[in-house]
Structure formats: structure tokens, C-alpha cells
Amino acid sequence: MSQRLQSIFFFLSAVLFALLFFIPLATYYGETNILQFNVFGVGSQVPDGEVPFKTMFSLPVLILTITAVLLGAYLSMGLFRAVKLSQFVKLHKIARIDIIVIVAWIAVVFAYYIRVVGKPIGVAPTFKVGAFLPLAALLLVIAAASGLKKDIKKVRSTDRIR
């Protein structure tokens with residue numbers, strides 16, 4: 001079984017989401033102000049620059065990021081302790097929840113936040129590395145969940161042989 005490879009994939013997805021705490025998602029270069037959007041909110045890169053958003057503006061993004069990190073970490077640790085078929089099935093359900101959280105994060109950020117942040121200064125975003133990390137994390141979680149599903153099928157087939 002490839003439990004260790006899957007746990008590495010889940011761990012890497014958690015690490016990629018944890019990197020979002022340090023890496024900006026997008027930067028907006030306006031004529032008078034430069035705004036930087038990250039999971040903690042929007043900040044101005046210009047001294048005495050006006051930030052048109054409150055600190056609680058990006059709270060949903062922060063909550064989804066923390067949830068994705070915790071789910072990825074739980075799944076990576078849970079696979080090392082999983083022995084019974086019921087534990088694998090439970091972890092597969094949690095992996096599907098993790099996929100839903102990551103897709104929700106991507107949808108919320110790209111459908112709403114990226115558009116709204118640039119409107120006050122009237123510019124389009126310049127995407128940074130942080131905007132692409134959730135996409136890589138999503139691919140890792142999907143690969144790990146499909147491998148976990150294959151392992152569940154293997155365990156069920158060996159149980160029938162006995």
C-alpha cells in the first residue's frame with residue numbers, strides 16, 4: 001500500500017497552504033498606492049498609503065486557509081496510524097472535505113476577493129506565487145485521495161479472499 005506517499009502528499013498540501021501566511025497572493029500597482037493582498041488582509045506598500053478595506057475584510061480567506069492546513073496535517077498524521085478499513089474510509093471522507101475546502105478557497109479568492117481589492121484604485125492584479133500554491137495543493141490532495149481510494153479497494157478485495 002502507498003500510505004506513506006499519500007501522507008506525504010497530504011503533508012505537502014498542508015505546507016503549501018501554510019506558506020500562504022508568508023507569501024502574498026496579488027499586488028495591485030496603482031498610480032498613488034500599491035496594495036498587497038494576502039490571507040491576513042490588504043495592506044499598502046506605500047508609506048502613509050490608504051487601505052480601503054478593514055482588517056476583517058479577508059477573514060473568510062483566513063478561516064479557509066487555517067482549515068485547509070489543519071485538515072492536511074490531520075490527514076497526513078492519520079494515515080500513519082490507520083490500520084483498519086474503517087479508519088481508511090473515515091480518512092477518505094475527510095480528504096473529500098479537504099478537497100471541498102480547497103475548491104471553496106479558490107472560488108472565494110478568485111471570484112470575489114481578487115476583483116474587489118483592485119476596484120478602489122482601478123487596476124488589475126499582478127498575481128504572485130501565493131495565488132498558485134492552492135492549485136498545487138488541490139492537485140496533491142486529489143492524487144492522495146485517489147490513491148487512498150485504491151488502497152481501500154485493495155483492502156476490501158483481500159478481505160473477500162480470506
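Numbering of residues begins at 1 and proceeds along the displayed sequence. All values below were derived from every heavy atom in this structure, side-chain atoms included, with hydrogens, water molecules and symmetry-related copies excluded.
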Drop me the distance from [X]'s [atom1] to [Y]'s [atom2], to the nearest 0.5 angstrom.
| X | Y | atom1 | atom2 | answer |
| --- | --- | --- | --- | --- |
| Q6 | S76 | CD | OG | 12.0 Å |
| R156 | L85 | CZ | CG | 5.0 Å |
| L138 | L133 | CG | CG | 12.5 Å |
| L35 | I121 | CG | CD1 | 4.0 Å |
| S13 | I8 | OG | CD1 | 12.0 Å |
| D98 | L91 | CG | CG | 11.5 Å |

Heavy-atom side-chain proximity of [X] to [Y] below 4.5 angstrom:
| X | Y | value |
| --- | --- | --- |
| I114 | Y28 | yes |
| I102 | F17 | yes |
| N38 | L20 | no |
| Y74 | I94 | yes |
| I66 | F21 | yes |
| F37 | S58 | yes |
| L148 | R96 | no |
| F40 | V61 | no |

Give me the ring orientation class for F127 and F110: parallel if the planes are under 30° apart, tilted from 30 to 60°, perpendicular past 60°.
tilted
Can you confirm whether Y112 is buried at OH, in the sense that more than 12 heavy atoms of other residues, nucleotides or ligands lie under 6.0 Å from that atom?
no
Mind jotting down which residue pairs meet the ring-ring contact (aromatic ring centres under 6.0 Å, His included) criterion with at least one end in residues 51-70? Sequence neighbours excluded, please.
F53-F57, F57-Y113
Is there a path of hydrophobic side-chain contacts, each under 4.5 Å between heavy atoms, that joins [X] and [Y]?
| X | Y | result |
| --- | --- | --- |
| I34 | V42 | no |
| I100 | I142 | no |
| V129 | V39 | yes |
| L19 | F10 | yes |
| L12 | L5 | yes |

Can you check side-chain contact (heavy atoms from CB on, under 4.5 Å) on W105 and V101, steps first, answer last?
CA-CA 6 Å; W105 189 97; V101 167; 5.6 Å; no
A18 meets the side-chain contact (heavy atoms from CB on, under 4.5 Å) criterion, sequence neighbours left out, with V69
In terms of heavy-atom contacts, A131 and P134 come closest through O-CD, 3.8 Å
